[in-house]
Amino acid sequence: MKRRDVLRSGWALGTGLAVSGPSTMLRAATDNAAVTFPNGFLWGVATAAYQIEGGVHEGGRGASIWDTFSHTPGKTKNGDTGDVADDSYHRWRDDIALMKQLGVKSYRFSIAWPRIQPTGRGPANQAGLDYYKRLVDGLLEAGIRPFPTLYHWDLPQALEDAGGWPNRDTADRMTDYAHIMARALADRVHAWSVLNEVKTFTQAGYWDGGMAPGRKDPLAFLKSTHVANLANANAFRALKAVNPKVEVGSAYDCANCFPASDSVADKAAAVRWDKLINLWYLQATLTGTYPDLLPADQQAALLGWQAGDEARLKVPLDFVGINYYSGWRVWDEPKGNGIPNLNTRAEWAWSPRSIGKSDFGWDIDPPGIRQILKRMQQLTGSIPIEITENGIADNTPPAAYGRIHDVRRIDYLRRHLTELRNAIDDGVPVRAYHLWSLIDNFEWAAGYSQRFGIVHVDFDHGQKRTPRDSAYWYAKVIRDNAVA
Ligand code: IFM
């Protein structure tokens, strides 16, 4: 079946969980008129600790699962590690200055758990706390909202050694860690995100093994989903207990699920995959229940469910973070895939609407952001949404005279922001956009081979930062509160 035919079949809208037909007001990125955003819309950028900080042996930091994984031969491209990364552990002032120069209003960064609790438990490491206090104070001085994520994949290795995310104790360790951070920063940080992409770190970490800790155990994966959901709620309550006024959410990576053909079986598989990818985590948090997916008589045992978990899982998030990049192509897999009843095979990152691929090979599907927002709003209702990540790997090298003409990134951003504005017109309450990423950084298993930054980093020459054309373009978007 050709992409065009998938589109016509109606399933191109993802899972059959339809978005409404195009509004007559629909804006196109090719229109000449500027696309203006609502007053007060918050423009930001995002990074994560292990991807940018380096300084892995400094300030009393303990080892994380990513230190172990990246130092294991064959796990990352070229054997790359985050040992030095962008050296932001030392250059955070430069990064703040860059953001100030671009007019950025919100900085989504993450806190490295092993800097705070080197073994994932016990008292706080003062040097770690001091580092993030300095960063937060620097952001506030620059007029930038500090927006920390508590967990962006760098689990203390000692916790993995004790069983990792499939071990229920990890959810309690998260409570302690969140308490420590709230006591340290909740007087000056007003918006917190708990987990980044819980789907990805559980699935890639425990099921397909492509990311740390690299386990390939579907049943451990299932347990990890439940423990991570419990941890999410625990951290929410811990942050609120210290300062009830802070806003707490989490960042979910959501993606449209497209059946590989118009067969009944593939369509049903896409619906199942959507339940796992898009609902399994957020629905658990908002309602305390899981979508109907696993065999009912096995679910409790498969998840390690205990009496009272429904109440433990459920918290009223103040906002929902959505990360959007591409979509899934999904096939029925009658022979199964290790997860009872799931019976799917799915390929990231695909869309029947693709207008091209990023340098990472990910299909580019700008209307997909509007579609996924409308799909998730069926669950989130009126809860405010922040786009916590969106961006593209565009590896265009610097021109001889030093400028970096990343025209594909600008085109990508223009199209996605236009579709985001359409979603807002549709009634999706999106209040912020964080571009991934401020600077090129360690792209996990792909090492330094993929460049997501609007600021180029020369990793071979002292981590020199050079804003790309897209950085100047984004600065104008922020200034004008509009996409031209
Ligand atoms: O770099 C990652 C980030 O850490 C999580 N979301 C996707 C980005 C691009 O792959």
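Sequential numbering from 1 along the given sequence is applied to the chain's residues. All values below come from the heavy atoms of this structure, side chains included, with hydrogens, waters and symmetry mates left out. In listed order, ligands and their atoms are each counted from 1. Please read all numbers here as calculations on a predicted model, not as lab measurements.
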Mode of W362 contact toward ligand 1 - side chain, backbone, both, neither (heavy atoms, under 4.0 Å):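 For W362, the contact with ligand 1 is made by the side chain alone.
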
N441, any N or O under 3.5 Å of ligand 1 N or O: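 No, no N or O pair falls under 3.5 Å.
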
Short N or O distance, Q51 and ligand 1, threshold 3.5 Å exclusive: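 Right, the criterion is met.
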
Go through ligand 1 atom by atom and flag the ones less than 4.0 Å from a non-hydrogen atom of [X].
| X | answer |
| --- | --- |
| E197 | 5 (C), 6 (N), 7 (C) |
| E389 | 3 (C), 5 (C), 6 (N), 7 (C), 8 (C) |
| N196 | 5 (C) |

Under-4.0 Å salt bridge between D137 and R188: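 Answer for the salt bridge query: yes.
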
Taking atom types as modelled, find out whether [X] and [Y] have a side-chain donor-acceptor pair closer than 3.5 angstrom.
| X | Y | answer |
| --- | --- | --- |
| N196 | R108 | yes |
| Y252 | T388 | no |
| D365 | S351 | yes |

Criterion side chain to side chain donor-acceptor pair (under 3.5 Å) on N323 and W436, from CA distance to verdict: CA-CA 9 Å; N323 296 0; W436 185 272; over 6 Å; no

Min heavy-atom dist H152 to ligand 1 below 4.0 Å: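 Yes, H152 has a heavy atom closer than 4.0 Å to ligand 1.
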
Any donor-acceptor N/O pair, Y433 side chain to L417 backbone, under 3.5 Å: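 Such a contact is absent between Y433 side chain and L417 backbone.
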
Taking atom 10 (O) of ligand 1 as the reference point, the nearest protein heavy atom with its distance: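 Going atom by atom, the protein heavy atom closest to atom 10 (O) of ligand 1 ends up being E443 OE2, 2.6 Å.
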
